[in-house]
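Each remark here refers to the structure printed beneath this line.
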Amino acid sequence: MKFQSFFLIFLKWIPAIILLQTLLYKFTAAPESVYIFSALGLEPYGRIGLGVVELIVAILLVVPRTTWLGALLGVGIMAGALFSHVTKLGIVVQNDGGTLFILALITFICCSLLVWLHRKQIPFIKIKV
């Protein structure tokens, strides 16, 4: 397997795994998740709704024909998460050592790279070759 293929698989699966892993906390109303969405004024509908969207994004990321769409949505969601951390929640949330912020940053970076690598597949962006 070429390095490029491995790198592309890595870029798809890392954010997908991160997004899927956090679903357990959102859907089971874990105290940390409830705290975050309460602080943002989005509990419970924002927590559950965002969980559903993150599940869809994770699926879109790993399907080759829809990776570009999942990556675009992932960039948007993680931009919101990072903005929330910087402006309202703080980098460290309930003594997590900044773990949630770091995971959001990793997901944002991976999705941003995927958007760039799949930019020719995005139908509403005109790229002259």
Side-chain angles (χ1 to χ4, degrees):
M1 182 182 288
K2 292 184 191 177
F3 174 76
Q4 289 176 337
S5 298
F6 177 75
F7 185 66
L8 194 57
I9 291 169
F10 177 81
L11 281 180
K12 289 179 180 187
W13 279 98
I14 291 301
I17 290 168
I18 290 171
L19 291 169
L20 291 171
Q21 179 264 330
T22 61
L23 292 181
L24 176 66
Y25 299 98
K26 287 182 180 74
F27 290 150
T28 61
E32 300 87 3
S33 190
V34 170
Y35 170 82
I36 290 168
F37 285 93
S38 293
L40 297 173
L42 299 171
E43 177 63 28
Y45 302 109
R47 174 177 49 82
I48 295 166
L50 190 60
V52 171
V53 172
E54 288 180 2
L55 175 61
I56 292 167
V57 169
I59 293 167
L60 290 172
L61 281 170
V62 297
V63 175
R65 293 181 70 185
T66 60
T67 297
W68 66 270
L69 180 57
L72 276 176
L73 292 171
V75 165
I77 291 170
M78 289 305 114
L82 293 169
F83 183 77
S84 296
H85 275 279
V86 171
T87 61
K88 191 147 187 161
L89 297 170
I91 303 299
V92 177
V93 178
Q94 290 192 324
N95 298 318
D96 74 342
T99 301
L100 290 175
F101 180 80
I102 301 257
L103 291 173
L105 189 58
I106 290 168
T107 303
F108 179 82
I109 291 168
C110 289
C111 288
S112 296
L113 289 170
L114 285 169
V115 168
W116 177 256
L117 292 171
H118 292 273
R119 66 191 180 277
K120 292 178 183 174
Q121 294 176 342
I122 302 172
F124 48 85
I125 296 179
K126 305 289 185 218
I127 297 177
K128 295 180 182 177
V129 182

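Predicted model only: the values in this text are computed from it and were never measured.
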**OP:** Please report the shortest heavy-atom distance between V57 and G70, naming the atom on each side.
**Re:** CG1-O, 3.4 Å
Subject >> Between CG on residue L103 and CD1 on residue I17, distance to nearest 0.5 Å >> reply: 12.0 Å
**OP:** Please report the closest heavy-atom contact between F27 and I48, naming both atoms and the distance.
**Re:** CE2-O, 3.7 Å
Subject >> Note, L100 side chain near H85 side chain (heavy atom, < 4.5 Å) >> reply: yes
Original post:
Are I106 and V93 co-members of a hydrophobic cluster defined by side-chain heavy atoms under 4.5 Å apart?
Top reply: no
Original post:
Taking all non-hydrogen atoms of both residues, which atom of L61 and which atom of A16 are closest, and how far apart?
Top reply: CD1-N, 4.0 Å
Subject >> From K12 atom NZ to I14 atom CD1, the distance as rounded to the nearest 0.5 Å >> reply: 13.5 Å
Original post:
Rounded to the nearest 0.5 Å, what separation is found between the CG atom of L72 and the CD1 atom of I122?
Top reply: 4.5 Å
Subject >> Single-linkage hydrophobic cluster V92~F108, side-chain heavy atoms < 4.5 angstrom >> reply: no
Original post:
Hey, is the main chain of E43 close enough, under 3.5 Å, to the side chain of S38 for a donor-acceptor pair?
Top reply: no
**OP:** Please test H118 against T66 for side-chain contact (heavy atoms from CB on, under 4.5 Å), starting from the C-alpha separation and ending with a verdict.
**Re:** CA-CA 10 Å; H118 292 273; T66 60; over 6 Å; no
Original post:
Where do C111 and V115 land on the side-chain contact (heavy atoms from CB on, under 4.5 Å) test, with the steps shown first?
Top reply: CA-CA 6 Å; C111 288; V115 168; 5.5 Å; no
Original post:
Would L8 and W68 show up in the same hydrophobic cluster when neighbours are defined by side-chain heavy atoms closer than 4.5 Å?
Top reply: yes
**OP:** Give the minimum heavy-atom separation between A104 and L82, together with the two atoms involved.
**Re:** CB-CD2, 3.8 Å
Original post:
Are L24 and L20 co-members of a hydrophobic cluster defined by side-chain heavy atoms under 4.5 Å apart?
Top reply: no
**OP:** Would you name the heavy atoms of A71 and L114 that are closest together and state the gap between them?
**Re:** CB-CB, 3.7 Å
Original post:
Does K26 have any salt bridge (Lys or Arg N to Asp or Glu O under 4.0 Å) partners at least two apart in sequence or in another chain, and if so, which?
Top reply: E54
Original post:
Closest heavy-atom contact between Y25 and S33?
Top reply: O-CB, 3.5 Å
Original post:
Is it true that F83 and I77 fall in one hydrophobic cluster, defined by side-chain heavy atoms closer than 4.5 Å?
Top reply: no
Subject >> Test log, rule side-chain contact (heavy atoms from CB on, under 4.5 Å), inputs M78 and L19 >> reply: CA-CA 10 Å; M78 289 305 114; L19 291 169; 3.8 Å; yes
Original post:
What distance separates T22 OG1 from I18 CD1, expressed to the nearest 0.5 Å?
Top reply: 8.5 Å
Original post:
How far apart are the C-alpha atoms of I36 and L89, what are their side-chain angles, what is the distance that settles it, and do they pass the side-chain contact (heavy atoms from CB on, under 4.5 Å) test?
Top reply: CA-CA 7 Å; I36 290 168; L89 297 170; 3.7 Å; yes
Original post:
In Å, rounded to the nearest 0.5 Å, how long is the span from OG1 of T107 to CD1 of I102?
Top reply: 11.5 Å
Original post:
If you round to the nearest 0.5 Å, how far is SG of C110 from CH2 of W13?
Top reply: 13.5 Å
